[in-house]
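Numbered from 1 within each chain, the chains take letters A, B, ... in sequence-line order. What's counted below: heavy atoms across the whole structure, side chains too, no hydrogens, waters or symmetry copies.
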Amino acid sequence: MSQIGSFALLLALALSTYSFLAGVLALVRPGAGSERLGETARRAGIATFAVVFLAALILVISAFQDNFSIAYIYHHSNRDLPAPYKFATLWSGQEGSLLFWSLLLAAYGFVLRLRHKTDARLFAYASAIIAAVQIFFLLLLNFAAHPFALMQGELPADGAGLNPLLQYPEMVIHPPMLYLGYVGFTIPFAFALGALIMRYPGEKWIQITRRWTMVTWAFLTCGVFLGAHWAYSVLGWGGYWGWDPVENASLMPWLTGTAFLHSVMMQEKRGMLKMWNMWLIFATFWLAILGTFLTRSGIISSVHAFAQSSIGGWFKWFLLITLVTFTYFFFKNKSHLRSEHKLESLISRESSFLFNNLLLLLACFTVLWGTWFPLISEYVQGNKVTVGPPFYNKVAIPVALLLLLLTAVGPLLAWRKTSLESLKRNFMWPALGALAIGVLMIIFGVRPWTDIAYFYALMAAMLSALVAFTVASEFIRGGRVISRHTGQNLLASMVHLFHRNTRRYGGYIVHFGVAVVIIGILGTPFNQDKEKEMGFGDKMTIGPYTLVCESYTQDDNPNYSNEWAIINVFKGDRKIETMYPERRFYKASQQPQTLPRIRSTYKEDLYLTYEGLNEQTGRPIIKAHLNPLVMWIWVGVLIMIVGTVLGLIPNAAPVRVTSPARIQPAAAGAGD
Amino acid sequence: MKSLPNSVSRSLQAALLCLAVFACLGASDEGARFTSLGHKLMCVCGCSQVLLECNHVGCTYSDRMRGELMASIDRGENDDLALQDFVQKYGPTVLAAPTATGFNRVAWIMPFLALVLGVMTTIFIVLAWRKRPALAAPGGVLPVSGAELERFRTQARKDTDL
């Protein structure tokens with residue numbers, strides 16, 4: 001099996017190389033036969049997918065067959081590993097995750113190459129660029145991180161097992177989502193670079209890639225937040241985001257990707273920001289690769305240390321080559337990217353997009369700077385420093401608040417020019433609503449003057465409310481206009497409104513989701529935690545809950561042995577739940593693991609961890625966290641995903657006016 | 001400059017006093033200091049977590065470090081001294097964020113510098129765009145029709161669509 005896998009990877013490399021070389025040749029030497037040569041390049045690209053798929057399939061089958069002659073399977077699986085985790089072995093380690101990356105890129109390329117008739121020449125350029133990226137990953141797989149490398153010496157009876165941190169259901173979906181996001185940005189990048197090289201006229205390439213970009217962004221959003229949820233549910237420290245370098249690595253392309261999603265609208269609608277968009281999509285692609293470099297190289301210490309190896313050098317070269325290539329074509333053809341329109345007013349949607357981009361890029365720079373500063377410090381001062389949560393909380397939160405403000409204001413601005421009068425009219429009620437929320441919070445005990453964290457929480461709450469009210473007012477205002485014209489009720493009118501411009505109103509739903517996520521995050525300053533040795537019958541009180549230790553019990557299965565604390569949870573005198581925080585000991589890897597238990601409500605999460613035994617007293621230690629509002633983070637993310645999916649639905653066909661009988665007032669949903 | 005009426009001035013002073021009292025409340029609370037300082041330190045076991053958030057199973061450092069922090073507070077050391085003790089013992093990486101001294105200041109300054117430069121650049125771009133001359137108007141206004149009208153209609157829809 002391993003030989004077939006190895007051969008498949010070599011064949012994939014040969015096919016990709018052919019697809020790239022033949023594709024480029026067909027594009028630069030047009031003439032008799034170039035079309036047929038281009039077609040062979042396209043088919044070689046399609047075949048690459050089939051062959052990489054075969055290699056990935058063989059690796060998964062090897063995991064299910066407990067084929068420990070393959071070093072990768074030995075290091076990341078064992079006989080008693082449950083089936084879903086055996087499947088997840090594919091992306092649980094270095095070599096497998098690179099193979100998975102290559103598979104996803106081949107799959108994206110497969111779809112793209114099948115749809116080549118949309119614009120054969122542009123697709124041919126994109127196909128060649130994707131083949132070039134694919135070559136890099138296949139070179140890595142064949143010569144630096146071979147997933148089918150064989151074990152030396154005597155064959156082991158069992159595998160070393162999967163890292164316990166990875167043995168959690170979300171691990172089966174978090175990496176694929178993240179990778180779909182990372183890899184997916186290769187597609188708009190390939191189209192952008194292709195359009196730049198061929199001096200593609202018009203903005204059609206943006207229209208072609210719009211759905212790719214949105215889908216990719218949705219995957220990356222899912223991946224980032226699933227990672228946060230996994231950290232919350234598995235790592236047991238009571239939080240979901242620790243500003244770990246690898247978390248940061250996933251956030252950076254998300255930030256630039258978000259900026260790109262906004263700024264392409266300026267290019268699409270107004271023919272502006274063409275150069276900027278080129279750099280933005282390149283930066284997103286580049287940061288996705290940089291993130292992989294950070295994860296793999298081990299140059300920055302991280303909780304994701306299980307993924308480190310020596311392939312960083314390959315990534316450095318790849319990053320350099322892509323930067324040089326892109327820069328070369330940019331300067332060669334930048335005259336093609338001149339803006340078509342001028343900015344007419346400072347108070348316009350164009351301006352808001354510019355500042356939105358500025359803030360998103362600034363947030364990205366802050367994260368990048370914080371992630372790299374330890375290395376810079378070591379280079380300059382000779383010693384590393386830590387750049388942890390206190391740094392990001394101080395620097396990133398003000399930027400995030402400004403972004404939230406723009407998220408609220410931006411949709412109220414019209415393209416080209418907005419009169420102050422109309423801004424005041426549209427903004428007054430949402431602003432008053434947000435102000436009321438702020439006053440209510442102060443009345444209910446939030447004291448923003450006692451701690452900067454409370455001040456931020458108050459601001460975040462008010463701005464989130466502002467975003468929510470703005471979105472609601474946009475729907476209601478537009479719905480009323482349609483209702484007046486059609487006689488439908490308001491709800492039906494709002495649905496009608498949505499169908500007329502799914503992208504715009506889907507985007508608003510995403511904004512609303514962001515506001516809900518922020519509401520979830522702003523509970524953080526009010527977190528409480530307590531730790532206590534708890535014997536049978538001992539009590540601990542946290543917030544409105546009283547925890548009573550009922551008992552401890554143990555269990556054993558082939559994969560791990562475990563111990564549960566049985567904790568009864570009371571609210572007042574009423575028992576509301578029994579929770580079972582757990583400690584496991586994984587036999588194959590000989591590693592312990594704490595598994596928290598979480599009781600989630602819309603108000604707060606009660607989060608219990610069984611920390612282990614006190615070495616002196618021999619008594620078990622239970623740690624309890626009370627984390628307000630956390631559930632809203634996950635709800636907000638769901639809303640963001642739903643908004644993105646709704647934004648992908650094609651618009652309902654516009655009604656064509658055939659008789660100029662009477663001039664109708666500007667229709668709702670058609671911009672302000 | 002016109003001075004404020006006495007009653008308003010007294011009210012403002014009272015409000016400021018209240019703010020100061022609120023700000024000072026809890027300043028001497030040892031538990032709060034422990035929590036605050038514990039979140040400014042990293043556990044050095046290699047888990048890359050803030051000291052008070054390290055739940056690394058079998059961690060041999062965090063318990064000891066928490067004990068040392070509590071002892072520093074009990075000895076009456078101020079925050080700077082307590083943190084300095086940790087730096088002496090565990091090295092500069094024990095601090096969860098760079099200090100605001102020496103080269104480390106750069107870590108704090110850069111994001112704000114980037115913000116200022118970014119805002120200035122954006123304003124410059126906006127102003128440059130606004131100054132850009134509009135396309136020359138054709139001599140006289142001619143009615144448009146047919147394909148050209150349709151093109152304008154498409155553009156108008158596009159411009160007002162989002």
>> As an exercise: rank A:Leu354, A:Leu358, A:Thr366 by heavy-atom pairs under 4.5 Å with chain B and give me the winner.
In response: A:Leu358

>> Just so I understand: if I count every heavy-atom pair under 4.5 Å between each of A:Val387, A:Leu402, A:Asp529 and chain B, which residue has the most?
In response: A:Val387

> Which residue pairs pass the salt bridge (Lys or Arg N to Asp or Glu O under 4.0 Å) test with at least one member in residues 87-114 of chain B, sequence neighbours excluded?
Replying inline: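 As it turns out, the salt bridge (Lys or Arg N to Asp or Glu O under 4.0 Å) pairs with a partner in residues 87-114 of chain B, which skip direct neighbours, are B:Glu68-B:Lys89.
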
Please classify the contact between [X] and chain B as side chain, backbone, both or neither, with a heavy-atom cut-off of under 4.5 Å.
{"X": "A:Leu359", "answer": "side chain"}
{"X": "A:Gln591", "answer": "neither"}
{"X": "A:Val380", "answer": "side chain"}

> Out of curiosity, A:Leu235 CG to B:Gln49 CD, how far, rounded to the nearest 0.5 Å?
Replying inline: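 Here the rounded value is 6.5 Å.
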
> Rounded to the nearest 0.5 Å, what separation is found between the CD atom of A:Gln528 and the OG1 atom of B:Thr35?
Replying inline: 11.0 Å

>> If the contact rule is any heavy atom under 4.5 Å from chain A, which residues of residues 74-85 of chain B qualify, in numerical order?
In response: none

>> How about CZ on B:Phe34, more than 12 heavy atoms from neighbouring residues, nucleotides or ligands closer than 6.0 Å, or not?
In response: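 Yes, because the 6.0 Å sphere around CZ of B:Phe34 holds more than 12 heavy atoms from other groups.
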
> For A:Thr386 and B:Leu95, which heavy atoms make the closest approach, and how far apart are they?
Replying inline: CB-O, 3.1 Å

>> Restricting to non-hydrogen atoms, name the atom on A:Lys384 and the atom on B:Thr93 that form the minimum distance, rounded to 0.1 Å.
In response: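 Distance-wise, the nearest heavy atoms are O-CG2, 3.4 Å.
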
> Quick check, are the ring centers of B:Phe103 and A:Phe373 under 6.0 angstrom apart?
Replying inline: yes

> Considering only heavy atoms, which portion of B:Asn104 lies under 4.5 Å from any heavy atom of chain A: side chain, backbone, both, or neither?
Replying inline: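 Both the backbone and the side chain of B:Asn104 come within 4.5 Å of chain A.
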
>> Are the side chains of A:Trp369 and B:Val106 in contact, using a 4.5 Å heavy-atom criterion?
In response: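 Answer yes - side chains close enough.
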
> What residues form a side chain to side chain donor-acceptor pair (under 3.5 Å) with A:Thr502, not counting sequence neighbours?
Replying inline: A:Asn651

Going by atom type alone, with no hydrogens or angles, which donor-acceptor pairs under 3.5 Å involve a side-chain atom of residues 107-119 of chain B and a protein atom two or more places apart or on another chain?
{"residue": "B:Trp108", "atom": "NE1", "partner": "B:Pro98", "partner atom": "O", "Å": "2.9"}

